[in-house]
Amino acid sequence: MSTTLNKTETTNRPHEGLVYRAVKVVMTQRIALLVVLIVVVVAFMTSMNSAGALSGSYDADYLAAALISAVPLAMLGLAELVVILSGRGGIDLSVGAIVSLTGVVFGYTYGILDLGLLAAMLITAAAGALCGALNGFLVAYMGFPPLIATLATFYAFKSLALISSGQKPISTVQIQEFFSAAQSVEIPVIGHNLPNVPLGIFTFLIPTAALVWVLMNRTTFGRRLFALGTNDVAATWAGVNVRSNRMTAYVISGLISGLVGIVTVAQFASARPDAGVSGNGMALPAITIAVLGGVAITGGIGRVSGILLAALLVVWLNAGILLAFSGNEGSQFQLLALGLLLIGASLMNRLTSKKFGVLH
């Protein structure tokens, strides 16, 4: 009898070990968890679509079209990644207002002054970097708490966008023609008919993500940023200039926000002074995506891939919710889902650190 039990236990142990390892990977590897959640969301929405419970088709074409929302959100999530990594409560609440202000700058330089596309884009990016520099100066050199500093500049940049535009969108012929930068394009693959993908994925999001990844993982600045985010006192003793590196993080955040300002002008075919702050704004969804993507709010931990997958999860979940609920209910349930995702991500971080003592 005991021999039979021992054989049964021996047979079950490898299976139990495999399940335990799979659960541990999902709980400790944020990338694996996000992939699982994306698969679950898409599978659930697809099953509801097959059952006729949605108001439209939740198919590959719809998912590809929904990616247009992922471009600005993922880019701002990358901006928050850089800032939060710098530690000491790093956060940027002003990214949405910078998007609005820089969108107006692009509207003036390209649509009214007609300086040319390249010059207008460079000036707009520089304006965003300047806004970020102000945030960085207040936080790194003046000692303002990031929450207070960026909240103050949020109001300032928002007001400047409204005042400078006369509270009206800029919609000249050049700006309207720039809408083509947000159109969907067909990906040529031999023997396959793939759904069209928004052009902004290739012209803005992928280059930005690639540059941020290189900056974080292949440069001395990236190593310094991780170091001061983990322990800025130790980083100071190691010879890292904490103030300048922390300020640079906010400059990068402002620069990316400026690029998002250009993206929104293309998407709306006009330079709207409220583009980044209307409704619930862009800042809070961007912070949610950063936290959901595995960025530790205390600093020093975060990945570019986590931001991209978290943005994909949020966008495709929101797309399904809009089909499941009609009218204003869809928008309200989107907010509910966003809040639940944020709470779930925070709880997962705590449970993982207690159970396994590690989070990647």
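Side chains included, hydrogens not; waters and symmetry mates left out as well; all remaining heavy atoms used. The structure presented is a predicted model; accordingly, all values stated were derived computationally and were not measured.
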Side-chain donor-acceptor distances from residues 32-56 under 3.5 Å, at least two apart:
residue, atom, partner, partner atom, Å
T46, OG1, V42, O, 2.6
S47, OG, A43, O, 3.4
S47, OG, F44, O, 2.5
S50, OG, T46, O, 3.0
S55, OG, L323, O, 3.0

So do [Y] and [X] actually touch side chain to side chain, heavy atoms under 4.5 Å?
X    : Y    : value
L228 : S86  : yes
D274 : Q167 : no
L317 : I321 : yes
V95  : S253 : yes
I262 : T102 : no
S278 : R272 : yes
F179 : F268 : no
F157 : S94  : yes

Side chains of [X] and [Y], donor plus acceptor under 3.5 Å:
X    : Y    : answer
T150 : N135 : no
Q176 : S171 : yes
N318 : S69  : no

Minimum heavy-atom separation for [X] to [Y], with atom names?
X    : Y    : value
M282 : P72  : CE-CB, 4.4 Å
W316 : L67  : NE1-CD2, 3.9 Å
A311 : A74  : CB-CB, 3.7 Å
P198 : A65  : CG-O, 4.4 Å
S270 : I175 : CA-CG2, 3.5 Å
L101 : C131 : CD2-SG, 3.9 Å

Side-chain ([X]) to main-chain ([Y]) donor-acceptor, under 3.5 angstrom:
X    : Y    : value
Y250 : V82  : no
D232 : A235 : no
E80  : I91  : no

Between atom [atom1] of [X] and atom [atom2] of [Y], what is the distance when rounded to the nearest 0.5 Å?
X    : Y    : atom1 : atom2 : result
I68  : L199 : CD1   : CG    : 10.0 Å
T208 : M75  : OG1   : CE    : 3.5 Å
L211 : I256 : CG    : CD1   : 9.0 Å
L73  : I307 : CG    : CD1   : 11.5 Å
I123 : L130 : CD1   : CG    : 13.0 Å
N280 : L338 : CG    : CG    : 8.5 Å

Please report, to 0.1 Å, the donor-acceptor pairs under 3.5 Å made by any side chain of residues 213-226, with sequence neighbours excluded.
residue, atom, partner, partner atom, Å
N217, ND2, W213, O, 2.9
T219, OG1, L215, O, 2.4
T219, OG1, G222, N, 3.2

State plainly whether one hydrophobic cluster holds both [X] and [Y], where clusters connect Ile, Leu, Val, Met, Phe, Trp and Tyr through side-chain heavy atoms under 4.5 angstrom apart.
X    : Y    : answer
V315 : V263 : yes
V173 : I170 : no
L340 : F333 : yes
Y155 : L93  : yes
L335 : L76  : no

Residues 104-120, side-chain donor-acceptor partners within the protein, below 3.5 Å, at least two apart:
residue, atom, partner, partner atom, Å
Y108, OH, S164, O, 2.5
T109, OG1, V105, O, 2.9
T109, OG1, F106, O, 3.3

Study note, to complete from the structure: Across all chains, not counting sequence neighbours, the side-chain hydrogen bond (donor to acceptor under 3.5 Å, both in side chains) partners of S244 are N241
Review point. Quick one: side-chain hydrogen bond (donor to acceptor under 3.5 Å, both in side chains) partners of R246, sequence neighbours excluded?
Key: none
Practice item. Under the side-chain contact (heavy atoms from CB on, under 4.5 Å) rule, what do L308 and V304 come out as? Steps first, then yes or no, please. Key: CA-CA 7 Å; L308 299 179; V304 170; 4.3 Å; yes
Extract all donor-acceptor atom pairs below 3.5 Å that involve side chains of residues 286-302 and protein atoms in other chains or at least two apart in sequence.
residue, atom, partner, partner atom, Å
T288, OG1, L284, O, 2.8

